[in-house]
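For this chain, numbers begin at 1 and follow the sequence in order. Everything numeric here is computed off the predicted structure, so don't read it as measured data. The analysis underlying the following values was restricted to heavy atoms, covering all of them including side chains, and did not include hydrogens, waters or symmetry mates.
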Amino acid sequence: MTDKIKVNLSYYVYKTILHDMYRFEFFKSNGEVNKNDFLNTVIYNFYYNKLKKRAELREKLANDAILTDVSARNRNRMLDACSVIMDDYYNKDLHYHYHDASFTIYPTRMTNDFFDQIYENEIKDKTSYSSFIRKLLNEYAYLPQYVRESVAKRSEVIDLSAACENGRVVVFKTRNKEHRIAPYRIIRNFEETFSYLLGLDMESKGLKPISIKVSKIYNVIITKAKYKFSKEQKEKFEDIFRHRVEFASGEMVRVRIEVTKRCDKMLGFKFHNQPPMKQISENILEVSTTIPNFLSYFIPFGKEIKILDNPELKEKMASFYSSALENYKD
């Protein structure tokens, strides 16, 4: 087994992977990004995803009527050829003329045997480690972000999905806390950039709904404790699905705001985290969302909106602007 593998990449693929290390929170205990852990994890998980898809493709082709009259030997040869063609088609470096960036990968004790398997099955007498892994990472980088997240957090997604299906309470860690959750469902946010675990916080008073990015979760333990959701709790979750799952932990509010013409234009292009709104009159909107969602979305609007009927939100907005202003006073 080689001690290290240097993989040359295009700048686009390199930056996408580097950003994912931060997005999906692969950090060392000292807070530094753990590049080697991320690369080992992604290559391992993505390769086995490809093997699974390759097996599914072979099964579909083998059951096709076109191949029913072909001998078993010839059928397998044809299926092998199809697998190679598909791999070559999806993994060519078609879009990149330059490979000016690079990562160096150091196989770990957990992945040594895995890289030996890659060598035997994919590399020996065919290509190089660097070329094969570059093709894997090229394909990975073109996937939607939420799919890349599921690749990077594959083991956590499997465990959390099993807990949801079987109604088991889970214990896991995020960077700064240990959680005990009755999981309900894994669901993507509206922009389909991240997946969230939605459930009940078993440590909270009154068992409050909570949502946590799957990418923040590690060390998942499925406990023996079971939890059955009530009809009211399920209805609450369904209401959260219709709004913003990433703000499930906040209190729901319905507030009316007065907007300027410039605000109308901003609403037309500022879609990220945009809460549900209803037009009441020409310059009055009714917003239904959680307080955290309202603040995260509307704070950048500044003087272009005015809250009409929620003193708590008025105070929170005023406090934010006031504290920011203090930083500019000499």
**Asked** Tell me, which pairs form a salt bridge (Lys or Arg N to Asp or Glu O under 4.0 Å) where one or both residues lie in residues 215-224, sequence neighbours left out?
**Response**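 The answer is Glu25-Lys216.
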**Request:** Mind jotting down which residue pairs meet the salt bridge (Lys or Arg N to Asp or Glu O under 4.0 Å) criterion with at least one end in residues 159-170? Sequence neighbours excluded, please.
**Result:**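 Matches after skipping sequence neighbours: none remain.
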is_close_aromatic([X], [Y]), centroid dist under 6.0 Å:
| X | Y | value |
| --- | --- | --- |
| Phe115 | Tyr119 | no |
| Tyr227 | Phe229 | yes |
| Tyr22 | Phe26 | no |

Would you indicate whether the side-chain heavy atoms of [Y] and [X] approach each other to under 4.5 Å?
| X | Y | result |
| --- | --- | --- |
| Arg134 | Leu9 | yes |
| Asn121 | Tyr47 | yes |
| Ile17 | Tyr140 | yes |
| Val170 | Ile221 | no |
| Ile118 | Tyr129 | yes |
| Phe27 | Asn34 | no |
| Lys52 | Tyr48 | no |
| Met317 | Ile305 | yes |

Within the 3.5 Å criterion, strictly below it, is a donor on [X] or [Y] matched to an acceptor on the partner's side chain?
| X | Y | answer |
| --- | --- | --- |
| Tyr14 | Asp100 | no |
| Gln145 | Thr193 | no |
| Tyr218 | Glu156 | no |
| Thr111 | Thr108 | yes |

**Asked** Which value, rounded to the nearest 0.5 Å, describes the distance between Glu304 atom CD and Lys265 atom NZ?
**Response**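 It comes to 10.5 Å.
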**Message:** Within this structure, what is the CG-CG distance for the pair Asn40 and Asn36, rounded to the nearest 0.5 Å?
**Reply:**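 Nearest 0.5 Å value for the CG-CG distance: 5.0 Å.
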Under the salt bridge (charged side-chain N to carboxylate O under 4.0 Å, His left out) test, residues paired with [X] that sit two or more places apart:
| X | answer |
| --- | --- |
| Glu120 | Lys124 |
| Glu192 | Arg188 |
| Lys278 | Glu286 |
| Glu149 | none |

Less than 3.5 Å apart, which donor and acceptor atoms pair up between the side chains of residues 173-186 and the rest of the protein, not counting sequence neighbours?
from	atom 1	to	atom 2	distance (Å)
Thr174	OG1	Lys177	O	3.4
Thr174	OG1	His179	NE2	3.1

**Item:** Qualifying residues under ring-ring contact (aromatic ring centres under 6.0 Å, His included), relative to Phe320, sequence neighbours excluded
**Value:**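 Counting only residues at least two positions away or on another chain, Phe320 forms no ring-ring contact (aromatic ring centres under 6.0 Å, His included).
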**Item:** Contacts of Phe294 that satisfy ring-ring contact (aromatic ring centres under 6.0 Å, His included) - sequence neighbours left out
**Value:**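 Counting only residues at least two positions away or on another chain, Phe294 forms a ring-ring contact (aromatic ring centres under 6.0 Å, His included) with Phe298.
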**Message:** Using every non-hydrogen atom in the two residues, find where Asn45 and Ala152 come nearest and quote the distance to one decimal.
**Reply:**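 Of all heavy-atom pairs spanning Asn45 and Ala152, the closest is ND2-O, 4.0 Å.
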**Item:** cation_pi(Lys6, Phe103) dist<6.0 Å, angle<=45
**Value:**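 Not flagged: Lys6 not positioned over aromatic ring of Phe103.
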Please set out all donor-acceptor pairs under 3.5 angstrom arising from side-chain atoms of residues 201-210, sequence neighbours excluded.
from	atom 1	to	atom 2	distance (Å)
Asp201	OD1	Glu203	N	3.0
Ser204	OG	Asp201	O	2.8
Ser204	OG	Lys208	N	2.8

**Item:** side-chain contact (heavy atoms from CB on, under 4.5 Å) assessment of Phe24 paired with Phe194
**Value:** CA-CA 9 Å; Phe24 307 147; Phe194 290 101; 4.0 Å; yes
**Message:** Which residues pass the side-chain contact (heavy atoms from CB on, under 4.5 Å) test with Ser230, not counting sequence neighbours?
**Reply:**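 So Ser230 forms a side-chain contact (heavy atoms from CB on, under 4.5 Å) with Glu232, Gln233.
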**Prompt:** In the hydrophobic cluster built from side-chain contacts under 4.5 Å, what are the other members alongside Ile284?
**Reply:**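 Ile284 shares its hydrophobic cluster with Ile280, Leu308.
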**Item:** Residues Arg23, Asp20: salt bridge by 4.0 Å N-O rule
**Value:**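 So Arg23 pairs with Asp20 through a salt bridge.
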**Prompt:** What's the verdict on salt bridge (charged side-chain N to carboxylate O under 4.0 Å, His left out) for Glu139 and Lys50, showing C-alpha distance, side-chain angles and the deciding distance?
**Reply:** CA-CA 10 Å; Glu139 188 177 350; Lys50 284 181 66 65; 3.1 Å; yes
